[in-house]
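As structure tokens, the structure follows; a few thoughts come after it.
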There are 2 protein chains.
Amino acid sequence: MQKEIEVFKDSLKKANQKITHQRLKILQSFLNTEKHVSCDELYQMVRRQNPEIGYATVYRTLKLIQGAGLAREVDLGDKISRLEHEYGHKHHDHLICLECGKFLEVFDPEIEELQERLAKKQNFTPVRHKMDIFGYCQKCQEKERDGHK
Amino acid sequence: MQKEIEVFKDSLKKANQKITHQRLKILQSFLNTEKHVSCDELYQMVRRQNPEIGYATVYRTLKLIQGAGLAREVDLGDKISRLEHEYGHKHHDHLICLECGKFLEVFDPEIEELQERLAKKQNFTPVRHKMDIFGYCQKCQEKERDGHK
DNA sequence: TCTGAAATTGAAAATCATTTTCAATTATAC
DNA sequence: GTATAATTGAAAATGATTTTCAATTTCAGA
């Protein structure tokens with residue numbers, strides 16, 4: 001956490017941007033949750049501690065946090081962009097339940113390897129990738145079976 | 001193409017929806033392009049032949065086309081939803097260039113297999129998945145190297 | 001073929017997430 | 001400390017998509 005704050009500050013300095021009270025508060029709130037927050041959710045969290053911080057500033061700061069490599073966008077099928085922690089968190093894929101919306105994070109080195117190879121075969125230099133599997137989680141399948149409907 | 005139109009009509013009938021002039025025209029325009037069209041692009045295409053068809057109708061009809069299993073959404077990293085043909089088109093993944101925005105469609109049965117297995121391991125029943133690899137295409141890499149910048 | 005209920009249409013307004021504008025404030029290099 | 005360039009909050013603007021609503025169209029059944 002201390003480390004992330006340093007990374008953030010360094011990233012700002014490098015870009016000639018200022019280290020402000022608001023930016024640090026917003027980063028802190030982001031680091032405090034392990035959820036995949038939407039911007040609005042984060043704004044609500046920030047607001048509890050610092051009601052004077054505006055919506056636009058949260059949006060702007062989230063871009064900076066992404067720019068610093070501390071967050072990455074995830075797409076859970078709805079249209080709003082959510083962020084998950086990137087720094088110190090391994091890349092992973094998502095299993096997203098179409099029924100309840102919950103998701104699992106998974107990682108398979110074999111798949112990663114094949115993805116890399118697949119790209120190379122097309123003379124394509126991969127930078128990052130996104131793999132989301134949509135389907136039904138165990139709980140929702142059981143619900144379906146028992147309560148059928 | 002004739003086949004797709006039948007699929008569409010059947011899907012409408014099943015849902016107690018009506019087969020209208022507008023819907024058929026919009027479907028036709030969609031089928032006529034192999035591009036990954038955004039709704040706006042499709043509207044422009046439709047408009048050339050049928051200026052009386054409204055924007056909202058194009059949006060509404062695209063949802064129906066998706067519902068009939070004739071189109072699927074693709075996410076090329078920008079925020080607008082684009083559609084590609086689904087019917088009679090094999091599933092595939094995308095290699096998306098961060099520089100020029102162009103993309104390749106690729107398919108790797110080994111990866112598909114592993115994805116299936118990965119989901120099963122979590123007692124997750126996969127329905128569909130999305131895999132997008134972002135990076136730099138051959139052309140943009142060359143441009144970078146030669147013109148450097 | 002005609003009729004009527006239900007579905008659909010186009011245009012405009014509404015919505016929702018996100019971005020921009022702008023005057024006032026603040027961080028920081030000197 | 002001071003100047004200046006970056007940042008802020010609030011409100012307005014944006015852009016994609018959805019909804020509203022009165023007028024029109026489809027189509028099942030007479």
Side-chain angles (χ1 to χ4, degrees), chain A residues 5 8-30 36-68 71-83, chain B residues 5 8-30 36-68 71-83:
Chain A
I5 295 173
F8 187 55
K9 286 183 180 173
D10 286 352
S11 165
L12 289 177
K13 277 184 198 146
K14 228 167 274 164
N16 234 42
Q17 291 167 324
K18 290 175 178 169
I19 296 166
T20 66
H21 172 69
Q22 291 92 327
R23 287 177 176 174
L24 292 175
K25 285 297 178 193
I26 293 165
L27 175 63
Q28 224 134 50
S29 286
F30 174 67
H36 293 45
V37 282
S38 67
C39 194
D40 183 71
E41 286 166 349
L42 190 64
Y43 170 65
Q44 300 304 333
M45 295 173 56
V46 169
R47 202 151 76 109
R48 259 174 249 138
Q49 313 288 322
N50 304 75
E52 75 285 1
I53 294 180
Y55 216 114
T57 303
V58 175
Y59 266 92
R60 290 187 278 232
T61 303
L62 277 179
K63 297 256 176 260
L64 297 174
I65 293 174
Q66 283 180 74
R72 83 168 72 87
E73 250 181 76
V74 287
D75 168 20
L76 298 183
D78 51 10
K79 285 284 174 193
I80 44 182
S81 73
R82 294 167 187 287
L83 295 170
Chain B
I5 296 174
F8 186 55
K9 287 184 179 172
D10 286 352
S11 165
L12 288 178
K13 279 184 197 147
K14 227 167 274 165
N16 236 42
Q17 291 167 323
K18 289 175 179 169
I19 295 166
T20 66
H21 172 69
Q22 291 92 328
R23 288 177 176 175
L24 292 177
K25 285 297 177 193
I26 293 165
L27 175 63
Q28 225 136 48
S29 286
F30 174 67
H36 294 44
V37 282
S38 66
C39 193
D40 184 69
E41 287 166 348
L42 191 64
Y43 170 65
Q44 300 304 334
M45 294 172 55
V46 168
R47 201 151 75 109
R48 258 173 249 137
Q49 313 290 322
N50 304 75
E52 75 285 0
I53 293 180
Y55 216 114
T57 304
V58 175
Y59 266 94
R60 289 188 278 232
T61 303
L62 276 179
K63 297 258 177 257
L64 297 174
I65 292 174
Q66 283 180 74
R72 84 168 71 88
E73 248 179 76
V74 288
D75 168 20
L76 299 183
D78 52 10
K79 285 285 174 193
I80 44 183
S81 73
R82 293 165 191 287
L83 294 170

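Quick note on labels: first sequence line is chain A, next is B, and so on, each numbered from 1. All of these numbers come straight from a predicted model, not from anything done at the bench.
- The CG atom of A:N16 sits 9 Å away from the C1' atom of D:dA5 (whole-angstrom rounding).
- Between A:S81 and C:dA17, a side-chain N or O to OP1/OP2 separation shorter than 4.0 Å is absent.
- Comparing B:A56 and B:K13, the nucleotide of DNA chain D nearest to each residue sits closer to the 5' end for B:A56.
- Expressed to the nearest 0.5 Å, how far CG of A:L83 lies from CD of A:E73 amounts to 6.0 Å.
- Contacts of B:R23 classified as salt bridge (Lys or Arg N to Asp or Glu O under 4.0 Å), with partners at least two apart in sequence or in another chain: none.
- Rounded to whole Å, the distance from OH on B:Y43 to P on D:dG15 is 17 Å.
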Under 3.5 Å, which donor-acceptor pairs do the side chains of residues 39-54 of chain B form with other protein atoms, sequence neighbours left out?
unit_1, atom_1, unit_2, atom_2, d
B:D40, OD1, B:Y55, OH, 2.4
B:E41, OE1, B:S38, N, 2.9
B:Q44, OE1, B:R47, NH2, 3.3

List the protein contact pattern of nucleotides 22-30 of chain C with one symbol per nucleotide (5' to 3'): B for base contact, S for sugar-phosphate-only contact, - for none; contact means a heavy-atom distance under 4.0 Å. -----BS--
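- To the nearest angstrom, C1' of C:dT18 lies 12 Å from CD1 of A:I80.
- With sequence neighbours excluded, no residue satisfies side chain to side chain contact (heavy atoms under 4.5 Å, CB included) with A:K63.
- We find that CG of A:L42 is positioned 15 Å from P of C:dA17, with the value rounded to whole Å.
- Atom CG of A:L12 is separated from atom OG1 of A:T61 by 8.5 Å, given to the nearest 0.5 angstrom.
- Every residue meeting the side chain to side chain contact (heavy atoms under 4.5 Å, CB included) condition with A:K9, not counting sequence neighbours, appears here in chain and number order: A:I5, A:E6, A:I19, A:L24.
- One atom, CG of B:L62, and another, C1' of D:dA16, lie 13 Å apart when rounded to the nearest Å.
- Taken to the nearest 0.5 Å, the CG atom of B:L64 stands 9.0 Å off from the CD1 atom of B:I26.
- Atoms CZ and CD, from B:R72 and B:Q66 in turn, are 11.0 Å apart once rounded to the nearest 0.5 Å.
- For DNA chain C, the residues of residues 48-55 of chain B within the heavy-atom distance limit of 4.0 Å (strictly under) are B:E52, B:I53, B:G54, sorted by number.
- Between the C1' atom of C:dT18 and the CZ atom of A:R82 lies a distance of 15 Å, rounded to the nearest Å.
- The CG atom of B:L12 sits 8 Å away from the P atom of C:dT8 (whole-angstrom rounding).
- Of all nucleotides listed (D:dT18, C:dT9, D:dT7), D:dT18 comes nearest to the side chain of B:Y59.
- Between the C1' atom of D:dT17 and the CG atom of B:L83 lies a distance of 13 Å, rounded to the nearest Å.
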